[in-house]
Amino acid sequence: MEVIVSFIDKWQTLLGAIIGGIFALWVALLVAYKVRRQEDLAAAMLLVGNLVTFKSSFDVLTKLAVEDRVTNEELPLWFSEKHVKRRLKLSPLFEVSRIRLMPIDTYLAVHLEMFQFIFADIDEKIERLSEDFAEFKASGSNTRNRESLERDAKTIYNGFKKIAGYAECAERIITLKILSNYPTFHAFRMFLYKTKKERRCKKLVLNQE
């Protein structure tokens with residue numbers, strides 16, 4: 001009888017240790033998940049803020065150009081001049097946030113990569129035009145010919161048109177798959193069925209491959 005009692009006592013102790021270890025592991029995993037979730041949410045909100053700013057800026061200026069009856073020939077230079085004055089910039093944490101969220105969705109990774117790549121190119125052109133406008137304001141003459149100015153202006157305008165599309169698509173994916181209260185549901189739904197807008201975003205990515 002004493003042997004049986006001793007055996008049961010030892011197994012109770014061992015079983016308690018196992019259950020305690022499993023519970024501790026579960027708590028640790030839960031805490032790690034919540035920490036990661038909070039970090040993902042912070043990165044997502046930062047990216048969405050940047051993306052919405054650029055998309056809204058393009059939409060507002062496009063609407064304003066229609067109201068001001070800017071012709072198609074004048075539009076690139078007019079648009080570029082507006083952005084020289086605004087000088088929109090990405091957050092210093094944009095790159096870190098982008099890298100953090102890239103593994104969540106392949107299409108999101110491409111949209112964000114193309115957005116940042118094209119912005120870097122047009123930002124360089126905006127900087128050059130900014131110097132041209134400053135020189136013209138100071139001396140009354142351009143350091144470059146009009147053809148060069150118009151070429152940069154067209155690059156800026158076409159670039160902003162492209163990044164507005166990438167920004168809209170990336171913002172939608174981030175909102176549904178990260179910021180939503182039901183990210184798993186949206187991920188599953190997008191895997192099985194894509195809306196018309198989501199199919200257009202997929203096509204936008206595939207055209208870059």
Side-chain angles (χ1 to χ4, degrees), residues 44-95 97-98 107-176 194-209:
M45 287 187 285
L46 184 142
L47 288 179
V48 166
N50 279 256
L51 296 170
V52 169
T53 296
F54 278 82
K55 177 66 169 57
S56 299
S57 177
F58 179 80
D59 291 342
V60 168
L61 288 180
T62 299
K63 183 178 179 181
L64 183 61
V66 174
E67 294 175 353
D68 290 351
R69 298 181 180 180
V70 179
T71 65
N72 291 334
E73 292 74 19
E74 298 170 335
L75 183 58
L77 201 56
W78 178 89
F79 186 91
S80 299
E81 185 177 358
K82 297 294 184 184
H83 270 287
V84 165
K85 295 178 180 178
R86 291 183 140 193
R87 291 311 303 271
L88 295 178
K89 290 290 185 181
L90 294 177
S91 166
L93 298 177
F94 185 93
E95 173 74 5
S97 300
R98 178 181 69 84
Y107 293 112
L108 173 62
V110 178
H111 288 309
L112 291 175
E113 178 72 23
M114 293 304 300
F115 174 90
Q116 190 170 15
F117 176 78
I118 296 175
F119 171 75
D121 180 53
I122 61 180
D123 191 49
E124 180 182 337
K125 301 292 191 301
I126 290 176
E127 177 65 30
R128 191 155 58 189
L129 278 183
S130 178
E131 294 173 357
D132 291 330
F133 291 160
E135 176 65 24
F136 180 80
K137 185 176 181 181
S139 64
S141 61
N142 290 320
T143 55
R144 293 191 293 156
N145 57 49
R146 185 172 179 83
E147 288 75 16
S148 297
L149 295 175
E150 290 179 345
R151 187 163 53 248
D152 280 353
K154 286 180 180 179
T155 299
I156 293 170
Y157 176 71
N158 292 329
F160 262 99
K161 187 185 296 185
K162 289 179 181 179
I163 66 174
Y166 287 119
E168 181 180 10
C169 293
E171 186 270 332
R172 179 176 178 81
I173 295 174
I174 292 173
T175 299
L176 293 178
K194 288 181 171 56
T195 63
K196 183 177 180 180
K197 181 178 291 186
E198 289 164 357
R199 291 195 296 272
R200 179 179 61 79
C201 289
K202 180 180 179 179
K203 185 177 180 180
L204 183 63
V205 167
L206 294 177
N207 287 340
Q208 298 301 321
E209 296 179 351

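When side chains are defined from C-beta on, Phe117 does not count as touching Ile163, because their heavy atoms never get closer than 4.5 Å. In this structure, Cys201 and His111 have side chains that are in contact, with non-hydrogen atoms separated by less than 4.5 Å. Residues Phe79 and Phe58 have side chains in contact (heavy-atom distance under 4.5 Å, counting atoms from C-beta outward). Residues Arg87 and Asp123 are in side-chain contact: their nearest non-hydrogen atoms beyond the backbone lie under 4.5 Å apart. Side-chain atoms of Ile118 and Tyr166, non-hydrogen and from C-beta on, do get closer than 4.5 Å to each other. Leu88 places a side-chain heavy atom less than 4.5 Å from the side chain of Ser57. Contact check for Ile126 versus Phe160: side-chain heavy atoms found under the 4.5 Å cut-off.
In this structure Lys125 satisfies the side chain to side chain contact (heavy atoms under 4.5 Å, CB included) test together with Asp121, Arg128, Asp152, Thr155, Ile156, sequence neighbours excluded. The side chain to side chain contact (heavy atoms under 4.5 Å, CB included) search around Arg200 returns Glu168, Lys197, not counting sequence neighbours. Contacts of Phe119 classified as ring-ring contact (aromatic ring centres under 6.0 Å, His included), with partners at least two apart in sequence or in another chain: Phe54. Residues satisfying the side chain to side chain contact (heavy atoms under 4.5 Å, CB included) test with Val52, not counting sequence neighbours, are Val48, Ser56, Glu171. With sequence neighbours left out, the side chain to side chain contact (heavy atoms under 4.5 Å, CB included) criterion links Glu81 to Lys85, Phe133.
Distance alone, capped at 3.5 Å, places no donor-acceptor pair between the Glu127 side chain and the Glu124 backbone. Of the possible donor and acceptor atoms, none in the side chain of Arg98 sits under 3.5 Å from a partner among the backbone N and O of Leu112.
Of all heavy-atom pairs between Leu129 and Ser80, the closest is CD1-CB, 3.7 Å. Here the shortest heavy-atom pairing between Asn72 and Pro76 reads O-CD, 3.3 Å. Across every non-hydrogen atom of Arg199 and Lys194, the tightest pair is NH1-O, 2.7 Å. Asn50 approaches Lys89 most closely through the heavy-atom pair OD1-O, 4.1 Å. The two residues Cys169 and Leu204 make their nearest non-hydrogen contact at SG-CD2, 4.2 Å. Leu46 and Ser97 make their closest contact through CD2-OG, 3.7 Å (heavy atoms, listed as atom of the first residue, atom of the second, distance).
Between the CG atom of Asn158 and the CD1 atom of Ile122 there is a distance of 10.0 Å, given to the nearest 0.5 Å. Separation of atoms CZ (Phe94) and CG (Leu47) is listed at 5.0 Å; rounding is to 0.5 Å. Rounded to the nearest 0.5 Å, atoms NZ (Lys202) and OH (Tyr107) are 4.0 Å apart. The CG atom of Leu61 sits 4.5 Å away from atom NE2 of His83, with the distance rounded to the nearest 0.5 Å.
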(message) Between Lys154 and Leu77, is the side chain to side chain contact (heavy atoms under 4.5 Å, CB included) condition met? List the steps.
(response) CA-CA 7 Å; Lys154 286 180 180 179; Leu77 201 56; over 6 Å; no
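Sorted by first and then second residue, the pairs that involve residues 47-74 and meet salt bridge (charged side-chain N to carboxylate O under 4.0 Å, His left out), not counting sequence neighbours, are Lys55-Asp59.
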